[in-house]
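Before any comments, here is the structure.
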There are 2 protein chains.
Amino acid sequence: MTTRQGQTGGRSKGRVTLSDVARMSGVSAMTVSRALNEPQRVSEQVRERVQQAIDALGYIPNRAARSLAGTRSHTIAVVIPSVSNAVFNNVIRGIYDVCAPAGYEMLMGNTYYSVQQESSLISKFLTHHPDGMIVTGLDMADSTRRQLEAAAIPLVQIMEVGTSAPLDMNVGISHSDAGAAMARYMLERGYRRIGVLGAQMDYRSQRRIQGFVDVLAEGGLADDRRVLTTSEPSTVRLGGQLLADLLLRNPDLDAVFCCNDDLAYGAIYECQRRHIRVPQQLAIAGFNDLEGSACINPSLTSIQTPLYDIGKTAAQMLMRRLAGEVLQQPVVDLGFQLRARESA
Amino acid sequence: MTTRQGQTGGRSKGRVTLSDVARMSGVSAMTVSRALNEPQRVSEQVRERVQQAIDALGYIPNRAARSLAGTRSHTIAVVIPSVSNAVFNNVIRGIYDVCAPAGYEMLMGNTYYSVQQESSLISKFLTHHPDGMIVTGLDMADSTRRQLEAAAIPLVQIMEVGTSAPLDMNVGISHSDAGAAMARYMLERGYRRIGVLGAQMDYRSQRRIQGFVDVLAEGGLADDRRVLTTSEPSTVRLGGQLLADLLLRNPDLDAVFCCNDDLAYGAIYECQRRHIRVPQQLAIAGFNDLEGSACINPSLTSIQTPLYDIGKTAAQMLMRRLAGEVLQQPVVDLGFQLRARESA
DNA sequence: CTGAAAGCGCTTACAG
DNA sequence: CTGAAAGCGCTTACAG
């Protein structure tokens with residue numbers, strides 16, 4: 001096996017180009033381009049000869065040249081808080097499943113939940129002149145908002161809906177409604193001393209908690225001391241720690257709403273270690289309904305959010321707009337489902 | 001809020017270009033380019049004037065033009081089985097944390113564990129003329145191997161090491177060694193009727209199991225009927241189902257090695273439901289040591305794999321090569337750690 | 001430290 | 001169905 005150390009990249013020289021293919025197949029570059037991009041506009045004979053030349057030469061089209069000369073970059077930029085997050089994985093898969101078959105490349109970047117990093121990421125992405133963009137959330141810096149408006153590309157803001165008018169298109173759910181629904185469910189089940197655990201505390205977690213607490217307040221059951229949050233990332237381990245802290249301050253709790261399923265897993269594990277029976281002594285509920293939530297013991301009551309569909313729908317909206325369609329419904333609320341299981 | 005429906009992308013006309021900035025700041029395009037890419041080679045006065053013009057005009061550089069004219073695309077292509085997989089998330093984060101600060105964009109695509117999809121994905125990525133590429137695994141189609149050799153860009157094959165010579169660079173661990181280590185550990189602990197559960201069954205899972213079973217065979221303890229695998233994706237739910245099936249055929253098992261932690265979670269949950277005490281009646285071990293494994297009850301014995309570091313190291317190797325360095329060590333074995341906990 | 005010329009590899013718009 | 005010309009917006013290589 002020969003090593004390739006030292007070679008660091010293809011200098012222009014020596015690359016096989018469209019004209020090489022054209023020369024070999026005895027047609028113009030224009031015709032090769034058509035054979036590649038609009039094969040139906042080229043005679044079958046020519047198409048075959050071109051294909052043979054491509055194979056013989058090992059021709060690889062150059063996207064940079066294509067996007068510079070053409071009107072499209074065939075690229076979609078996706079801005080999310082973090083690729084290493086079970087929630088966004090599902091969203092990404094939905095986007096990918098629509099974009100990839102349509103011939104669009106996905107440019108992906110993390111904001112790490114920082115408005116500032118979001119701004120610089122979007123600026124950077126704009127230099128690729130993506131044909132469309134998907135951005136997480138409705139909140140962004142004003143300067144970014146202006147940049148995006150100036151870029152004038154189709155844009156879908158995802159995850160949440162209803163907190164403010166989107167820049168262009170919007171698909172997601174109402175996190176405050178979802179939080180409220182969980183609170184109502186818990187009240188119906190008879191819980192009265194209800195705690196709340198939150199991590200990460202991005203806008204959507206905050207709205208979830210706000211919606212939840214507002215309903216408790218209506219019943220006169222809100223108590224700030226029962227709400228424990230941190231800006232640390234949401235993990236199973238953290239769920240256990242937070243529950244321990246919360247119980248220390250509020251030994252009399254009869255239920256806890258966790259802002260994320262992984263926190264809820266950690267809380268359930270902590271209860272197991274302390275021999276606290278769930279839900280008999282303490283009910284626990286989560287949010288997002290991740291894959292393991294139906295399997296854990298006790299199975300976890302949670303809010304199922306349409307993560308995959310949010311990604312898929314966002315990408316489809318983009319594709320439709322790129323096909324010239326005018327969308328009647330630029331804002332789509334995909335809704336959520338409360339999954340009542342054993343834990344609460 | 002004005003809607004932007006109907007606008008589908010920036011036609012070349014009307015874009016602010018380098019020359020516009022040059023004109024406004026009274027220097028040549030060349031100098032603006034330098035002010036942008038090698039600021040230290042331009043006088044501070046000029047740099048300031050150029051920056052003012054950029055701000056005033058809202059100039060956004062065009063990467064397509066840059067990569068067409070230049071020798072670099074400032075893009076790294078990453079080929080993984082699936083973005084929505086906790087294992088690869090960590091790898092991706094490692095890659096991202098090195099590439100993003102270095103000014104490299106990440107192009108990411110899924111093979112969905114298919115050699116065929118891998119081939120077409122790599123062909124597609126090559127049209128972007130990425131400066132480097134990271135590909136999962138050592139096995140690939142011969143045609144792809146040739147394409148990659150012809151492209152002559154730095155390439156790092158990741159995740160596993162030692163099964164065959166890499167095309168260029170390589171970082172990962174030996175999955176058969178890791179499987180073997182787990183088998184030895186279980187034998188030391190006194191387990192003798194040991195089952196194996198596998199899902200997905202990509203090359204690396206296969207090698208994990210092979211390494212594990214080979215050690216059992218040395219002790220005369222291998223039994224095909226105790227190995228249950230499926231090509232379905234690895235999930236918590238599947239872990240429970242597989243364990244149920246395995247116990248049906250082998251009620252006398254005293255331990256089970258699960259090829260992935262999520263299978264192990266499912267197996268533990270299933271034991272809880274059946275009141276099988278872990279590890280007293282049945283020991284359970286996993287692989288990858290995901291975040292929750294230390295928290296579940298009983299805490300999970302697993303093999304910790306350096307996922308983040310694999311990604312980080314691969315990206316660093318690429319960066320070093322792109323900086324012209326010749327690597328003394330093109331193959332890096334990052335090793336693994338057996339985490340002995342309560343479950344086995 | 002700064003600039004004029006040429007060209008990267010395609011596609012658009014116009015013909016025929 | 002096919003082609004000749006021009007140009008997309010940058011950077012390289014060469015000067016000075």
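Values in this document were obtained by computation on a predicted structure and should not be read as measured data.
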Does CD in B/Q45 sit with more than 12 non-hydrogen atoms of other residues, nucleotides or ligands closer than 6.0 Å? no

Decide if atom CD of A/E38 counts as having more than 12 heavy atoms of other residues, nucleotides or ligands within a radius under 6.0 Å. yes

Between the main-chain N or O of A/D309 and the side-chain N or O of A/T313, is there a donor-acceptor pair closer than 3.5 Å? yes

What pairs with A/N89 under side-chain contact (heavy atoms from CB on, under 4.5 Å), at least two apart in sequence or on another chain? A/A86, B/S84, B/N89

Spacing of [X] atom [atom1] relative to [N] atom [atom2], expressed in whole Å:
X: A/L57; N: C/dG9; atom1: CG; atom2: C1'; result: 15 Å
X: A/H74; N: C/dC10; atom1: NE2; atom2: C1'; result: 12 Å
X: A/R66; N: D/dC10; atom1: CZ; atom2: P; result: 20 Å
X: B/H129; N: C/dG9; atom1: NE2; atom2: P; result: 8 Å
X: A/Q45; N: D/dC1; atom1: CD; atom2: C1'; result: 12 Å
X: A/Q40; N: D/dT2; atom1: CD; atom2: P; result: 13 Å
X: A/R72; N: C/dT12; atom1: CZ; atom2: P; result: 10 Å
X: A/L68; N: D/dA6; atom1: CG; atom2: P; result: 18 Å

Starting from the 5' end of DNA chain D, give me the residue, B/I60 or B/R41, whose nearest nucleotide shows up first. B/I60

Can you find a pair of side-chain heavy atoms, one from [X] and one from [Y], that are under 4.5 Å apart?
X: A/I158; Y: A/L307; answer: no
X: B/I54; Y: B/L36; answer: yes
X: A/I76; Y: A/M319; answer: yes

Cationic N near anionic O, under 4.0 Å, B/R15 to B/D20: no

Taking only N and O in the side chain of B/S67, is any of them less than 4.0 Å away from OP1 or OP2 of D/dC10? no

Does A/T71 make a side-chain N or O approach to OP1 or OP2 of C/dT11 shorter than 4.0 Å? no

Read 5' to 3' with Watson-Crick or G-U pairs under 3.5 Å, [ ] for crossing pairs and | for partners on another strand, DNA chain C gives |||.||||||||.|||

Counting side-chain heavy atoms from CB outward, which of [options] is closest to [X]?
X: B/N62; options: C/dT2, D/dG9, C/dG9; result: D/dG9
X: A/L18; options: D/dC10, C/dT2, C/dT11; result: C/dT11
X: B/A69; options: D/dC1, C/dG9, C/dG7; result: C/dG7

Take the angle between the ring planes of B/Y113 and B/F88 and call it parallel below 30°, perpendicular above 60°, tilted in between. perpendicular

If you take any heavy atom closer than 4.0 Å to DNA chain C, which residues from residues 19-36 of chain B end up in contact? B/V27, B/S28, B/M30, B/T31, B/R34

